[in-house]
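Read the structure below first, then the notes.
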Amino acid sequence: MSSQTFLSKTPLILIVDDDRAMRTLLKVAMEEEGYRVIEAKNGQQCLEEYNRAKPDMILLDAIMPEMDGFTCCQQLRALQNDVYLPILMITALDDQDSIDQAFVVGATDYVTKPIYWSVLSQRVRHLLETSQALQELQSLKYQLERQQQWQTLWQHLTGQLTKPFQIKSLLQKTINELRTLVNAQRVGLSQVNDKFLVESIEPGYPSVKTLSWDKLTGFEEYKNTYEAEQIVMIDLLSQTDIPQTAIAPWEQLTIKSLAMVPIMGKEGLFAILWIHHCQSSYQWESWEVECLSYLRDLLGLTTSYHFANIN
């Protein structure tokens, strides 16, 4: 059975050794286990290949000319943010000082030559599976933190519905928190028929108050989608099916991706919540879209019952 069976994707392994024959033997052994392989012949090339390819694991020789494996390992740990990257050092050195040094500079594990290939295979497999499990755990922890932040946002809105409040102030606070939550450069709420409500903008980005609401939201192009209460999500860097009539205003605003959320009132479409990411595209997770949908419903409830209080 291939070592890939228990991994969610085919891992990429970077083999670093100044001995071409050893690199070849390691490459063949790893490819037989089902892994993808790239190579480097010295420490400097290892650093360059790491930055270029972002491998899932590094097999690193300790003794190399110019930059040895210990120095290379230390520099890898200094320049990369992935603390779960497995670095397995392979060397003929088997004294306690060398082993201690390997772990001090950041090696995850250490094997000595001559290599027992079955042992190496099990070490590699174990390190990759452990790294993946730790990354998945970190991802779940991050998702839980984000979901708790969304819940705080919802609770703030629902808590205000039972007491008197100034709606424009509430909407402003809500979109301020939303912009921070989704790391957007611009978030706002525009009422249909060109009545601007609120916006929240990261410093250095222009306001859109002078842009008509229909141009801002691509209303003519996405009218049916809005009236069906569906969220519109667009990535201007990759999508090719965007109507040309809608693109120009968004490009002027240097938008990379945007989300537009219809807010329904008692008599139909009331407003559109728009979220602009201008630095890079934003990849919405499915759970985030569900959170955004729930926020849409809360905003619809809020504006429906308190529209008369808007100044």
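Along the sequence shown, residues are numbered consecutively beginning with 1.
Side-chain atoms of S257 come within 3.5 Å of backbone atoms of Y282 as a donor-acceptor pair (strictly under, hydrogens ignored). Using modelled atom types, one side-chain atom of T174 and one backbone atom of L170 make a donor-acceptor pair closer than 3.5 Å. A donor-acceptor pair under 3.5 Å is absent between the side-chain atoms of R186 and the main chain of R179, judged by distance alone. Under the 3.5 Å distance criterion, the side-chain polar atoms of T302 are matched with a main-chain donor or acceptor of L298.
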*Is there a side-chain hydrogen bond (donor to acceptor under 3.5 Å, both in side chains) between S139 and Q143 once you walk through the steps?*
CA-CA 6 Å; S139 178; Q143 180 177 328; 5.4 Å; no

*Audit row: I99, T112, side-chain contact (heavy atoms from CB on, under 4.5 Å) steps and yes/no*: CA-CA 10 Å; I99 294 173; T112 58; 5.6 Å; no

*For L127 and L88, what are the C-alpha separation, side-chain angles and deciding distance, and is it a side-chain contact (heavy atoms from CB on, under 4.5 Å)?*
CA-CA 9 Å; L127 290 174; L88 178 61; 4.2 Å; yes

*Let me see the working for D109 and H126 under side-chain contact (heavy atoms from CB on, under 4.5 Å), right down to the final yes or no.*
CA-CA 11 Å; D109 204 352; H126 171 72; 6.0 Å; no

*Going through the checks in order, is the side-chain contact (heavy atoms from CB on, under 4.5 Å) test met by Q74 and V104?*
CA-CA 9 Å; Q74 190 171 38; V104 166; over 6 Å; no

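Minimum interatomic distance between L253 and C278 (heavy atoms only, all atoms of both residues): O-SG, 3.8 Å. When all heavy atoms of L76 and I87 are compared, the closest pair comes out as CD1-CD1, 4.0 Å. Taking both residues in full, the closest heavy atoms of P65 and D18 are given as CD-OD2, 3.5 Å, listed atom of the first, atom of the second, then distance. In plain terms, the two heavy atoms of T108 and P86 that are nearest each other are OG1-CA, 3.4 Å. The two residues A184 and I275 make their nearest non-hydrogen contact at CB-CG2, 3.7 Å. I13 and M30 get closest at one heavy-atom pair: CD1-SD, 3.7 Å.
Of the listed residues (W274, F219, F270, Y226), just one forms a ring pair (Phe, Tyr, Trp, His ring centres under 6.0 Å) with W213, and that residue is F219. Here the options are H277, E202, H276, the test is side chain to side chain donor-acceptor pair (under 3.5 Å), and the partner is Q185; only E202 passes.
With hydrophobic clusters built from ILVMFWY side chains whose heavy atoms lie under 4.5 angstrom apart, L181 shares a cluster with L171. If you chain together hydrophobic residues whose side chains sit under 4.5 Å apart, L236 and I272 fall into the same group. Cluster membership check: V16 shares its hydrophobic cluster with I38, using side-chain heavy-atom separations under 4.5 Å among Ile, Leu, Val, Met, Phe, Trp and Tyr. Under a hydrophobic-cluster definition in which Ile, Leu, Val, Met, Phe, Trp and Tyr are linked whenever side-chain heavy atoms come within less than 4.5 Å, directly or via other members, V289 and L273 are assigned to the same cluster. L258 is connected to I242 through a chain of hydrophobic side-chain contacts under 4.5 Å among Ile, Leu, Val, Met, Phe, Trp and Tyr, so both are in one cluster.
Under the 4.5 Å side-chain criterion, counting only non-hydrogen atoms from C-beta, L292 is not in contact with R296. Side-chain contact between D56 and Y84: absent, with no pair of heavy atoms (C-beta onward) separated by less than 4.5 Å. Looking only at side-chain heavy atoms (C-beta outward), N51 and L79 come within less than 4.5 Å of each other. You'll find the side chain of T217 stays beyond 4.5 Å of the side chain of V192, heavy atoms only. Within the 4.5 Å cutoff, the side chain of Q44 has no heavy atoms near those of the E66 side chain. Side-chain contact check for P262 versus Q230: every heavy-atom pair is 4.5 Å or farther apart. Side-chain contact between L85 and R77: present, with at least one pair of heavy atoms (C-beta onward) separated by less than 4.5 Å. Side-chain contact between M22 and D61 is absent, with no heavy-atom pair separated by less than 4.5 Å.
Residues S286 and E290 have side chains that never bring a donor and an acceptor to within less than 3.5 angstrom of each other. With 3.5 Å as the limit, one finds no donor-acceptor pair spanning the side chains of D97 and Q101.
Applying the side chain to side chain donor-acceptor pair (under 3.5 Å) rule to pairs touching residues 242-256 yields E221-T245, sequence neighbours excluded. Counting only residues at least two apart or on different chains, the side chain to side chain donor-acceptor pair (under 3.5 Å) pairs with a member in residues 20-30 are R23-E39, K27-E31. Sorted by first then second residue, the salt bridge (charged side-chain N to carboxylate O under 4.0 Å, His left out) pairs that include residues 138-153, not counting sequence neighbours, are R146-E288.
Rounded to the nearest 0.5 angstrom, S190 OG and K215 NZ are separated by 14.5 Å. A distance of 9.5 Å separates CG of L153 from SG of C291, quoted to the nearest 0.5 Å. Atom SG of residue C73 and atom CG of residue L47 lie 10.5 Å apart, to the nearest 0.5 angstrom. Between atom CD1 of residue I115 and atom OG1 of residue T91 there is a gap of 10.0 Å, rounded to the nearest 0.5 Å. Distance check: L301 CG to I263 CD1 gives 11.5 Å after rounding to the nearest 0.5 Å. In this structure, L120 CG and R123 CZ are separated by 8.5 Å, a value rounded to the nearest 0.5 Å.
Around NZ of K113, the count of heavy atoms belonging to other residues, nucleotides or ligands within 6.0 Å exceeds 12. Dense packing is recorded around CZ of F103, with more than 12 heavy atoms of other residues, nucleotides or ligands lying under 6.0 Å away.
Between W154 and W150, the angle of the ring planes lies from 30° to 60°, which puts this pair in the tilted group.
A salt bridge does not link R52 with E48: every distance from a Lys NZ or Arg NE/NH1/NH2 to an Asp or Glu carboxylate oxygen is 4.0 Å or more.
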